[in-house]
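Structure first, commentary second.
Everything numeric here is computed off the predicted structure, so don't read it as measured data. If you read the sequence from its start, that first residue is 1, and numbering goes on from there.
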Amino acid sequence: KEYIPGVVIYAVIAASSIFLFNRLITLPIESAPIIGTVVLISNVLYGIMIAMAILLSIIAVHRGSHSAVFYLLAWVPLFTTIILRLAAIYGVIEMGTLVMNGMYPAFALEALILSVGIAGKIREQRRIEGAQRLKLESLASTDPLTGLYNRRRITDIAETTLNSITIHQPLTTTVAVLVVDIDHFKRVNDTWGHDVGDVVLKQVAATIKQTCRSGEVVARWGGEEFTVLLPSSDSSNALKVAERIRRNVENIPLSRIKPVSYRITVSIGLSTAIANETTFVEQFKQADEALYQAKESGRNTVRAHIAVA
């Protein structure tokens, strides 16, 4: 469909030009000098414009423009027919059928090639714009250090997930939220600096991501705190996931977090609720309260929010 507008436009221009030229050559013989002058001047001017266009196309191709190749291929045949026509006007060659009607196929070929080139350029531009849009969306929704989703993105995903579960799944379907916090992270930054702290953050983030399964969403909430959304998960499963995360983080090899000389641990709070009876904000608050209990219990442990009847 992208080819059609260009073909139509060029076809109209070509047909109009040829029609006017044919009207000129059918005027009375006494008008021949004027007609000849008009035809000569128009051919010369047209030839100069096409020659300049070809020159610019050659320069563009030399500079690496792929689309300029189409313009070059389109204008060379048309320029050739103009040169042949000028040669016939000056008597260098005969004004035969090929020279007289050569512009018909030249215009058609020009329209076709240019349409292909323009369509290709449009597709390439759309591809570039699409890639740029995806990059901007990724930057807006991703934590640049860890590559995990950021706070805004997981909030959007969580609310969408809760709505979807409420509509499409049984009313008793539950959802769990984990809040994971690195223990004594300030000590790492104070002792070895923020560069080492960043290494620890990336290692913990990767461990949490690898521990979770498909459909479970992991995000960096901020600082040394992470959030995990477990759709369609009950308390028992959520506790198992939280315990796996705690254990796997504790077992991160020291060689990956040099020069830190002790094992990194995390405290985790979790909240489980029926999807149609809660919001992500409420669940996060409950999980955060459970996290506080885990910290108060000595850290490196998991605590679940207990709903008050």
Exercise. At what distance, to the nearest 0.5 angstrom, does CZ of F226 lie from CG of L178?
Worked result: 13.0 Å
For this session: Going by the side-chain contact (heavy atoms from CB on, under 4.5 Å) test, name the single residue among T207, I208, L201 that passes it with V204.
Result: I208
Exercise. P231 and T161: which non-hydrogen atoms are nearest, and at how many Å?
Worked result: CB-CG2, 3.9 Å
Seminar exercise, completed: Of all heavy-atom pairs linking L254 and V260, the shortest is CD2-O, 4.0 Å
Exercise. How many angstroms lie between OG1 in T211 and CZ in R247, if you round to the nearest 0.5 Å?
Worked result: 9.0 Å
For this session: Show your reasoning for whether side-chain contact (heavy atoms from CB on, under 4.5 Å) applies to H184 and I264.
Result: CA-CA 9 Å; H184 302 298; I264 297 297; over 6 Å; no
For this session: Report the C-alpha distance between R303 and E296 in whole Å, list the side-chain angles of each, state the deciding distance to 0.1 Å, and finish with yes or no for side-chain contact (heavy atoms from CB on, under 4.5 Å).
Result: CA-CA 10 Å; R303 289 291 183 270; E296 290 295 304; over 6 Å; no
Exercise. Are L270 and V228 connected in the hydrophobic side-chain network, where two residues link if heavy atoms are under 4.5 Å apart?
Worked result: yes
For this session: Kindly give the heavy-atom pair with the smallest separation between G197 and N189, and that separation in Å.
Result: CA-OD1, 3.4 Å
Exercise. Are L229 and V266 connected in a single hydrophobic cluster, I mean Ile/Leu/Val/Met/Phe/Trp/Tyr linked by side-chain heavy atoms less than 4.5 Å apart?
Worked result: no
Problem set entry | Backbone of G223 reached by a side-chain donor or acceptor of R220 within 3.5 Å | yes
Seminar exercise, completed: Scanning both residues in full, the closest heavy-atom pair of T272 with T174 reads CG2-CB, 3.9 Å
Problem set entry | Side-chain heavy atoms of V177 within contact of Q286, under 4.5 Å | no
Exercise. How far does CD of E216 sit from CG of L230, to the nearest 0.5 angstrom?
Worked result: 5.0 Å
Exercise. How about V188 and Y262: do any of their side-chain heavy atoms sit closer than 4.5 Å?
Worked result: yes
Exercise. Given the rule that I, L, V, M, F, W and Y join up when any side-chain heavy atoms are under 4.5 Å apart, are V179 and L162 in one cluster?
Worked result: yes
Seminar exercise, completed: Nearest heavy-atom contact between N150 and A219 is O-CB, 4.0 Å
For this session: I would like to know whether L291 and E225 meet side-chain contact (heavy atoms from CB on, under 4.5 Å); could you show each step before the answer?
Result: CA-CA 10 Å; L291 172 64; E225 198 167 76; 3.5 Å; yes
Problem set entry | Side chain proximity check, F280 to T227, heavy atoms < 4.5 angstrom | yes
Exercise. In terms of hydrophobic clustering (I, L, V, M, F, W, Y; side-chain heavy atoms under 4.5 Å; direct or indirect links), are V249 and V199 co-clustered?
Worked result: no
Exercise. Under 4.5 Å between side-chain heavy atoms, hopping through other hydrophobics if needed: is there a path connecting V241 to W221?
Worked result: no
Seminar exercise, completed: Heavy atoms of A287 and S271 approach each other most closely as N-CB, 3.7 Å
Exercise. Does F284 have R151 sitting over its ring (NZ/CZ under 6.0 Å from centre, angle to axis within 45°)?
Worked result: no
Exercise. Any chance CZ of R256 has more than 12 other-residue heavy atoms, nucleotides or ligands included, within less than 6.0 Å?
Worked result: no
Exercise. Is there a donor-acceptor pair closer than 3.5 Å between any side-chain N or O of S267 and the backbone N or O of N300?
Worked result: yes
Exercise. Is there a side-chain contact between R263 and I252 (heavy atoms, below 4.5 Å)?
Worked result: no
For this session: First locate atom CG of N163, then atom NE2 of H168, and finally report the distance between them rounded to the nearest 0.5 Å.
Result: 9.5 Å
Problem set entry | V175 backbone acceptor or donor facing S233 side chain under 3.5 Å | no
Exercise. Looking at E282 and K285, does any basic side-chain N land under 4.0 Å from a carboxylate oxygen?
Worked result: no
Exercise. Any sub-3.5 Å donor-acceptor pair from Q169's side-chain atoms to S232's backbone N or O?
Worked result: no
Exercise. So, do L145 and K202 sit near enough that their side-chain heavy atoms are less than 4.5 Å apart?
Worked result: yes
For this session: Determine, step by step, whether T265 and R246 satisfy the side-chain contact (heavy atoms from CB on, under 4.5 Å) criterion, reporting the C-alpha distance in whole Å, the side-chain angles of both residues, the deciding distance to 0.1 Å, and the verdict.
Result: CA-CA 7 Å; T265 62; R246 187 202 63 78; over 6 Å; no
Exercise. Taking atom CD1 of I274 and atom CG of L171, what is their separation to the nearest 0.5 Å?
Worked result: 9.0 Å
Exercise. What is the distance from atom NZ of K209 to atom CD1 of I245, rounded to the nearest 0.5 Å?
Worked result: 11.5 Å
